[in-house]
Each structure stands twice: as structure tokens, then as C-alpha cells.
Amino acid sequence: MKHARRLVAGSLAAGALALSLTGCGDGAAPTERLGPKAKATQEPSAAPASPSASASAPSAGGASDEAYRKWGLTAPVAYAPKPAQKPQLPKADPGKVPVIDRIPVAPEDKVVFLTFDDGAEKDPEFLRMAADLQLPISMFLTDSAASSDYGHFEKLRDNGSASTINNHTLTHPNLRTLPFAAQKHEICGQQDRLEKRFGRRPPLFRPPFGNYNDDTLRAASECGVSSLVLWRVSMQINNFQYAEGSALKPGDIILAHFRGPAELKGATETQMTARMLQRIQEQGYRIGRLEDYL
């Protein structure tokens, strides 16, 4: 129980840091909230070139040898296998969902998890990249941003990487400013739409900006959510921003966004993702599938 309280407390801290990690502000217009122009730290000027040649099809359980070079990487992406036993996660109070901001893995288990939010950018090159590299991505989709082409995210889900589609509300509000009924409408409404469109009620939910309160936890539970998922690391244009320290930690959940050149200062979604993978590789980490640990 003490461990659970520490994790939830850490989640609250991560939520408090969400605005600085994403560049979102409570007073921003909806379009700005869905595409914040985040400030990156120590950005290098070099960018991976956008590919044009096709690569070999990925083999089961990972990418082909050619794929990583195609997408501007100098080494293959390392993947963590599904754990033999799921880690012990915090227990929620009755009628609420648990809050997860880092997966409690062993200190020597250098595994991190990729999550992408919103759904404003729908770049077909990113679909090719994710399929070539077999990136296991947990998507958290906002209806107002993603619904213009849910088929794009269906292709990402069905590319063989075991990526998943989860809930990020209908309209991306700051839930802490809303009463319980309005929060439930935002969460349950998106549960209903995603279930109708994709055939499955999402088990995971991420509140916009990482902002939530007790009403959020109760509403999510009543909407059929099993866990509220936050993060400790945010990918900007070229580099990570950390909620604590200056390096990845085992079990870190990484936040990225489906964003295009207008929000990335001219960089593409694939270039941003290549840089993110490079930073993970530089620190000696593997990528796991979040749902395998929850």
C-alpha cells in the first residue's frame, strides 16, 4: 500500500509537470493544445533524411536488417520480450482506476515504452516507418483530432507490431476544470466512439495535459477503463524532456505526439521519431510493449 501511494504521488507530480513537458497551457486555444510548439533542449541541426527506397518486410518479432538504415538509424532497434510475469502495479481505491506513470521493473531491466497522443498528424510515411521497424506504439487518440481519418490509426494498429488504440477524450479539455458529469461524458463518449469504430473498448486512458482529479479516476472506472496512464519523459523535436533527472530510467513511459512540420519547426513526424529512437539507443535501452506489462 505504501508503494502504491508513492507511485500515485509520483503520478500527481508528473501531472503537475505536464504543462512544461508538452508546452500546453490551460488558456491555449484547442488547436494550440492539440499541436503545441514545444521547446526542445539542445537541439542538433542534423536531421535524418526522409526515405524514398523501400525496405525488406520486417520479420516476426522485429524489424529487418535493412529497415533501421532506411530510417536514419545506425543500429537496429532493440526490443524487450514480453515479461514472464507482469510487475506489481499500484492498487486503486474502490471505484477508481489506478494511476501509472512508470512501470515498476527491476533496476537492471532497461526497458522503456512508446506512447503517442492526440492524432492531428496523419503522415503515410510514419505508417511505413512504424511498420518497417515494427514499433509497438500505444496510441491515445482524441476524437476531435483523429476522427477525420481513423483509418490511418487502424493501419498503424494492424501493421503487425501489436500497437494499440486507447482513449484521450473527445475534445482534449483540461479535465480538472470540469465537473464529474462533463468528465464522464468526455471519457465515456470516446470509449463509445472507439469501440464502435475499432471493435474494442480501450482499457487505457490518458487525461489531456496529464491533469486529473478524483472525479477523473471515478469517471474512468465507470467508463470501463482499467488504468490511467501518464508519463515521466516527453519527446520534443530533437531531445527528451524529463520530469526528473537528465536520463531515462527503467520502466519510463515516453510521451510523443502525432505532429507534423507546422508543430515541429519544419521537421517531419518520421524525423522526430528517428531522433527519439536514437536517444533511446544512446542510453542503452530497449523498447517494450506497454500493454504486456499492465
Side-chain angles (χ1 to χ4, degrees), residues 4 7-8 10-12 14-15 18 22 80 82-83 86-93 95-105 111-119 130 135-143 145-147 150 153-154 156-158 161-173 175 183-184 186-213 215-234 251-258 287-294:
L7 278 176
V8 172
S11 297
L12 290 168
T22 63
K82 183 176 182 178
K86 292 185 178 183
Q88 185 174 357
L89 297 169
K91 301 297 184 183
D93 292 335
K96 300 178 182 179
V97 297
V99 178
I100 312 295
D101 66 355
R102 178 182 284 142
I103 302 299
V105 300
V111 57
V112 294
F113 307 93
L114 304 182
T115 68
F116 279 68
D117 280 12
D118 298 340
L135 299 177
I137 296 171
S138 299
M139 297 173 265
F140 291 86
L141 300 183
T142 299
D143 187 71
S147 61
Y150 269 141
F153 304 100
E154 186 173 32
L156 183 55
R157 182 197 66 178
D158 295 342
S161 64
S163 293
T164 60
I165 290 173
N166 295 289
N167 188 335
H168 197 43
T169 70
L170 288 170
T171 66
H172 207 270
L175 292 175
Q183 291 199 42
K184 186 173 179 180
E186 282 284 339
I187 300 170
C188 284
Q190 182 64 336
Q191 288 288 89
D192 293 342
R193 293 191 186 187
L194 293 176
E195 181 180 27
K196 182 178 180 180
R197 177 60 180 80
F198 298 103
R200 181 172 182 262
R201 204 162 181 82
L204 306 181
F205 168 69
R206 172 172 284 162
F209 316 108
N211 288 345
Y212 68 94
N213 55 23
D215 282 345
T216 316
L217 302 182
R218 290 194 299 115
S221 177
E222 292 185 16
C223 295
V225 169
S226 62
S227 297
L228 186 149
V229 178
L230 299 177
W231 65 93
R232 292 288 185 95
V233 180
S234 173
D252 269 344
I253 298 170
I254 299 172
L255 167 67
H257 289 83
F258 293 107
I287 295 171
R289 181 177 180 269
L290 180 62
E291 285 78 1
D292 288 341
Y293 289 72
L294 295 177

Kindly determine whether Val97 and Ser221 satisfy side chain to side chain contact (heavy atoms under 4.5 Å, CB included), including the steps that lead there.
CA-CA 5 Å; Val97 297; Ser221 177; 3.8 Å; yes
Verdict with reasoning, Phe140 to Leu255, per side chain to side chain contact (heavy atoms under 4.5 Å, CB included):
CA-CA 10 Å; Phe140 291 86; Leu255 167 67; over 6 Å; no
For the pair Ile254 and Ser234, evaluate side chain to side chain contact (heavy atoms under 4.5 Å, CB included) and give the outcome as yes or no after the intermediate values.
CA-CA 6 Å; Ile254 299 172; Ser234 173; over 6 Å; no
Criterion side chain to side chain contact (heavy atoms under 4.5 Å, CB included) on Leu89 and Tyr293, from CA distance to verdict:
CA-CA 9 Å; Leu89 297 169; Tyr293 289 72; over 6 Å; no
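A donor atom on one side chain and an acceptor atom on the other are found under 3.5 Å apart for Arg206 and Thr115.
Aromatic ring centres of Phe153 and Phe198 lie farther apart than the 6.0 Å criterion allows.
Side-chain atoms of Ser138 and Glu291, non-hydrogen and from C-beta on, do get closer than 4.5 Å to each other. With contacts defined as side-chain heavy-atom distances shorter than 4.5 Å, the pair Pro87/Ile103 qualifies. Pro203 places a side-chain heavy atom less than 4.5 Å from the side chain of Asn166. You'll find the side chain of Pro83 reaches within 4.5 Å of the side chain of Asp292, heavy atoms only. Under the 4.5 Å side-chain criterion, counting only non-hydrogen atoms from C-beta, Arg193 is not in contact with Ser147.
With hydrogens and angles ignored, the 3.5 Å screen pairs a side-chain donor or acceptor of Thr216 with a backbone N or O of Asn213. In terms of modelled atom types and a separation under 3.5 Å, the side chain of Arg218 and the main chain of Lys184 share no donor-acceptor contact. Between the side chain of Gln190 and the backbone N or O of His168 there is no donor-acceptor pair closer than 3.5 Å.
In this structure Glu154 satisfies the salt bridge (Lys or Arg N to Asp or Glu O under 4.0 Å) test together with Arg157, Arg197, sequence neighbours excluded. Annotation: ring-ring contact (aromatic ring centres under 6.0 Å, His included) contacts of Phe205 (sequence neighbours excluded): none.
Taking every heavy atom of both residues into account, Ala145 and Asp118 meet most closely at CB-O, 3.9 Å. Residue Gln183 comes nearest to Leu175 through the heavy atom pair NE2-O, 2.9 Å, listed as atom of the first residue, atom of the second, then distance. What you find for His172 and Thr169 is that their closest heavy atoms are N-OG1, 3.0 Å. Shown here for Ala80 and Val111, the closest heavy-atom pair between the two residues is CB-CG2, 3.6 Å. Listed here is the closest heavy atom pair of Pro136 and Ile287: CG-CG2, 3.9 Å. When all heavy atoms of Ser226 and Pro98 are compared, the closest pair comes out as O-CD, 3.1 Å.
Atom OG of Ser163 is separated from atom CZ of Arg289 by 8.0 Å, given to the nearest 0.5 angstrom. The OG atom of Ser227 lies 11.0 Å from the CG atom of Leu217; values are rounded to the nearest 0.5 Å. In this structure, Ile253 CD1 and Leu114 CG are separated by 11.0 Å, a value rounded to the nearest 0.5 Å. Distance NZ/Lys96 to OH/Tyr212: 10.5 Å, rounded to 0.5 Å. Here the CZ atom belonging to Phe116 is positioned 10.0 Å from the NE2 atom belonging to His257, to the nearest 0.5 angstrom. We find the CG-OG1 distance between Leu204 and Thr164 to be 6.5 Å, quoted to the nearest 0.5 Å.
Between Asp252 and Arg232 no salt bridge is recorded (no basic side-chain N to carboxylate O distance below 4.0 Å).
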